[in-house]
Amino acid sequence: MNKYIQKIISLSLIILIFLLSLNHFKIIEFSKILKESFSFITLILIIISSISVVNSKKPGIYKFINYIILITAILGGILVIIYSKLNLSVYLCILFTLIYALIDILYKKA
């Protein structure tokens, strides 16, 4: 994937996760449809970003972080469907996504 597209995806992930966390802590209130739309777009961007890094020729640590993101996203998604609430896997996925997005934006050269 193009480096600039990857950086745009990382920036949009940071913004979407920030907006969803503001909604989670009741700082701003989104309607249910808007919250679910943001969640779906965030999930799609997380999966696209992680799969593109896993399939590229990046160094080992970036692939390792993105494998963790993919595994926690899949496991967290299954557990959300079963228990109908957020769990530790979802929070780990979001945390590792934010870490990788910040690394992608700040430390990687364009």
Side-chain angles (χ1 to χ4, degrees):
M1 184 179 292
N2 190 350
K3 292 179 184 179
Y4 295 111
I5 295 173
Q6 186 71 26
K7 289 188 183 288
I8 290 171
I9 290 174
S10 295
L11 181 64
S12 61
L13 277 171
I14 291 172
I15 291 169
L16 285 170
I17 291 172
F18 178 70
L19 289 173
L20 286 171
S21 64
L22 288 177
N23 185 47
H24 181 74
F25 293 116
K26 306 287 188 226
I27 296 173
I28 17 179
E29 256 333 288
F30 292 131
S31 66
K32 185 176 180 181
I33 295 172
L34 188 60
K35 180 186 169 214
E36 289 177 359
S37 299
F38 281 166
S39 299
F40 182 73
I41 291 169
T42 304
L43 179 66
I44 296 299
L45 288 177
I46 286 172
I47 291 173
I48 289 172
S49 174
S50 296
I51 289 176
S52 69
V53 172
V54 167
N55 287 334
S56 68
K57 295 181 181 181
K58 302 277 182 187
I61 190 71
Y62 298 135
K63 282 190 177 187
F64 177 72
I65 291 172
N66 283 286
Y67 275 124
I68 291 175
I69 291 171
L70 284 174
I71 290 168
T72 55
I74 292 168
L75 181 65
I78 291 170
L79 291 175
V80 164
I81 291 171
I82 292 173
Y83 296 117
S84 299
K85 64 179 188 176
L86 294 179
N87 51 48
L88 183 64
S89 296
V90 174
Y91 292 124
L92 284 175
C93 176
I94 291 170
L95 178 70
F96 281 114
T97 301
L98 282 174
I99 290 170
Y100 182 75
L102 287 172
I103 288 171
D104 187 34
I105 289 175
L106 299 176
Y107 293 119
K108 287 185 178 179
K109 294 182 181 178

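The figures here come from the full heavy-atom set of this structure, side chains too, leaving out hydrogens, waters and symmetry mates. Everything quoted here is computed from the prediction, not taken from an experiment.
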Roughly how far, to the nearest 0.5 Å, is [atom2] of [Y] from [atom1] of [X]?
| X | Y | atom1 | atom2 | answer |
| --- | --- | --- | --- | --- |
| Leu70 | Ile74 | CG | CD1 | 6.0 Å |
| Leu92 | Ile99 | CG | CD1 | 9.5 Å |
| Glu29 | Leu34 | CD | CG | 11.0 Å |
| Phe96 | Ile71 | CZ | CD1 | 11.0 Å |
| Ile27 | Leu19 | CD1 | CG | 11.0 Å |
| Ile9 | Tyr4 | CD1 | OH | 15.0 Å |

Is there a path from [X] to [Y] through hydrophobic residues (I, L, V, M, F, W, Y) whose side chains come within less than 4.5 Å of each other?
| X | Y | value |
| --- | --- | --- |
| Tyr107 | Ile8 | no |
| Phe18 | Leu102 | yes |
| Leu75 | Ile81 | no |
| Leu88 | Ile82 | no |
| Ile78 | Tyr67 | no |

If the condition is side-chain hydrogen bond (donor to acceptor under 3.5 Å, both in side chains), which residues does Asp104 pass it with, not counting sequence neighbours?
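Expected list: Ser10.
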Check whether any side-chain heavy atom of [X] lies under 4.5 Å from a side-chain heavy atom of [Y], and answer yes or no.
| X | Y | result |
| --- | --- | --- |
| Ser39 | Thr42 | no |
| Ile14 | Ile105 | yes |
| Phe38 | Asn23 | no |

Considering residues, nucleotides and ligands other than Lys35, do more than 12 of their heavy atoms fall under 6.0 Å from its NZ?
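Check fails, neighbour count at 12 or below.
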Given the rule in the side-chain contact (heavy atoms from CB on, under 4.5 Å) test, do Thr72 and Ile94 qualify, once you have shown the distances and angles that lead to the verdict?
CA-CA 9 Å; Thr72 55; Ile94 291 170; over 6 Å; no
According to side-chain hydrogen bond (donor to acceptor under 3.5 Å, both in side chains), does anything in residues 81-94 pair up with another residue at least two apart or in another chain? List the pairs.
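side-chain hydrogen bond (donor to acceptor under 3.5 Å, both in side chains) check on residues 81-94 returns no pairs.
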Side-chain donor-acceptor distances from residues 43-57 under 3.5 Å, at least two apart:
residue : atom : partner : partner atom : Å
Ser49   : OG   : Gln6    : NE2          : 2.9
Ser50   : OG   : Ile46   : O            : 3.0
Ser50   : OG   : Asn66   : OD1          : 3.3
Ser52   : OG   : Gln6    : OE1          : 3.1
Ser52   : OG   : Ile48   : O            : 3.3
Ser52   : OG   : Ser49   : O            : 2.8
Asn55   : ND2  : Ile51   : O            : 3.4
Ser56   : OG   : Val53   : O            : 2.8

